[in-house]
There are 2 protein chains.
Amino acid sequence: MDGIGDSESFLAAYDPRAYDPIAVTVDVVALTIRDAQLQVLLVRRGEQPQAGSWALPGGFVRPLIGPDGERTEEDLAQTAARELAEEAGPQLRATHLEQLGSYGTPGRDPRMRVVSVAYLAFAPEMPEATPGTDAADAQWVPVSALGLSPTGGPVTRSVTQRPGTTRPLAFDHAQILAAGVERARAKLEYTPLATAFVREPFTISDLREVYETVWAEKLHAGNFHRKVLSVPGFVESTGDQTESGGPRGGPRAKLYRRGDATLLHPALLRPTSEEAARP
Amino acid sequence: MDGIGDSESFLAAYDPRAYDPIAVTVDVVALTIRDAQLQVLLVRRGEQPQAGSWALPGGFVRPLIGPDGERTEEDLAQTAARELAEEAGPQLRATHLEQLGSYGTPGRDPRMRVVSVAYLAFAPEMPEATPGTDAADAQWVPVSALGLSPTGGPVTRSVTQRPGTTRPLAFDHAQILAAGVERARAKLEYTPLATAFVREPFTISDLREVYETVWAEKLHAGNFHRKVLSVPGFVESTGDQTESGGPRGGPRAKLYRRGDATLLHPALLRPTSEEAARP
DNA sequence: TTAATAGTGTCTTTGAGACATTATACT
DNA sequence: AGTATAATGTCTCAAAGACACTATTAA
């Protein structure tokens, strides 16, 4: 239950400040597709512990002190959105934000008990994070460069930050990132969220590139095309087409915007999803 | 990111006890099937606020003080398992426990900022919660009796606790419960978790009753039977069969145990899952 | 002219679902 | 006997995937 326990004595004895406090943070796994790669927004830690390591953007949940000194409190999702805007620059407008999970294993932060509520954000392709702002230390990094183990367990490889300088992700952020990537892969199957990675209007090929990049699988262009158009409400034609053909030739493509479906029926299943089902 | 922010000044200024503390609780949505109904374990709140209301079992996350006075800390999932054992009695052995989500909207608890990490548990049919123990105030309640709105929003109907006494769920627990039920329904489609609601060995009909109860849909017995056996690793034959036929006749059924699959391929989709896809 | 791409057509196989059928066991 | 259930068989339709093909555009 929330709040107080079952016994009156506990209520009487309970003083929130008498216990070791538990800190609550919000961390964000922000994914985008840049250079035909799935990339995640990371920030450089300037402070101990793990100074110099890359970490997920995020921060403590605490009351905000306004200019008038008045205090307001944010929803957890609002906190996630604000952290993202602060650390990636205001030009990042995530098209999707959902809760990923919470991480509270004792010892995951060496200073105190910290429970992190992780959020997952999808954004269309972004220009480089702008140095000179709050986001000076933020950078998009290809997920493949992080060498995640499938389980998100201990990371053996690491980020190449500058020539000769590599470090693994701070805390248990590799595990959180792995969970975010897997969630993204699964959600492309059953939801129209692939459209959150592209700007409108988009072509069916744009959408296929999203699937191929996130799933790390080549898809059959013809079958994919017919499949997307056959799912009710996935995409909606604008009536227009691209100004020109592709960079290496080909006809001009029809343009689409997001449809009104919230789930894909039938779903677009991953080609290899079968192998993962058995031990 | 976890822990301290980007600026040195913040580190210097930060004293965890200087801020209004945030409490972290763990709440459990424990589901089972009793009397051919989906039921949830609820406890009666003895204290204010919301004294007398039904609530999800749960409690604060805080260090445990052992008999020697030494302190140990639990993982969030361990906390959930312990709360469940304390409030439902030790004979409840949940066969599945997973994190459901976290709820931290300001004001959801009138006393202070509380972030609740909700867990979802599945258990096979249990005897009535044992009065006279810690679980004296715990009770299995049919989910259908709680009149959940589809979104988990404000509840209009309420629990009939004793003749003439009805109350809605405390705090935002109706919303958490609704999320748990929807998660359970979805998970039956893609995972073998229906087996977590039955004891081994079980018959295909036992499994079908689980699906019919959780989904609140009648399924075609013949097609269901063939389908379950066609999914690799869903169930595994024991070679035995039931001692006798059903209560109203029929042949004796073959017995099965859980298979080794972690995902169902192909999935067992809900008959009506299509309608929910469009607004 | 060559190559690459958008979009469509066709065929095969798999699976879902409706329905029928047989055998078994309870009343 | 009559009825309910377990388990299997058959048929139809939808959908996935492999492959072919045409039309269009860039280099």
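Below, all heavy atoms of this structure are taken into account, side chains as well, without hydrogens, waters or symmetry copies. Since this is a predicted model, take the numbers as computed values, not measurements.
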Ring centers of Y190(B), Y190(A) separated by less than 6.0 Å: yes
Side-chain touch L56(A)/V43(A), heavy atoms, less than 4.5 angstrom: no
Residue-level proximity of residues 200-216 of chain A to DNA chain C when a heavy atom falls under 4.0 Å: S205(A), R208(A)
Interatomic distance, L229(A) CG vs dA6(C) P [rounded to whole Å]: 13 Å
Pairwise side-chain contact, Q139(B) with W54(B), heavy-atom cut-off 4.5 Å (strictly under): yes
Sidechain-backbone polar pair: T203(B) side chain, K254(B) backbone, donor-acceptor under 3.5 Å: no
Euclidean distance, Q99(B) CD relative to R183(B) CZ, rounded to 0.5 Å: 8.5 Å
Rounded distance in Å - NZ (K254(A)) to C1' (dT25(D)): 16 Å
D240(B) CG to dA6(D) C1', straight-line distance once rounded to whole Å: 16 Å
Footprint string (nucleotides 17-27 of chain C, 5' to 3'): B base within contact, S backbone only, - free, heavy atoms under 4.0 Å: BBB----BBSS
Whole-Å distance separating the NE2 atom of H225(A) from the C1' atom of dG9(C): 13 Å
Backbone of V117(A) reached by a side-chain donor or acceptor of S102(A) within 3.5 Å: no
Check: F224(B) ring centroid to Y211(B) ring centroid under 6.0 Å: yes
All pairs passing side chain to side chain donor-acceptor pair (under 3.5 Å) where residues 229-243 of chain B contributes a residue, at least two apart: E236(B)-R257(B)
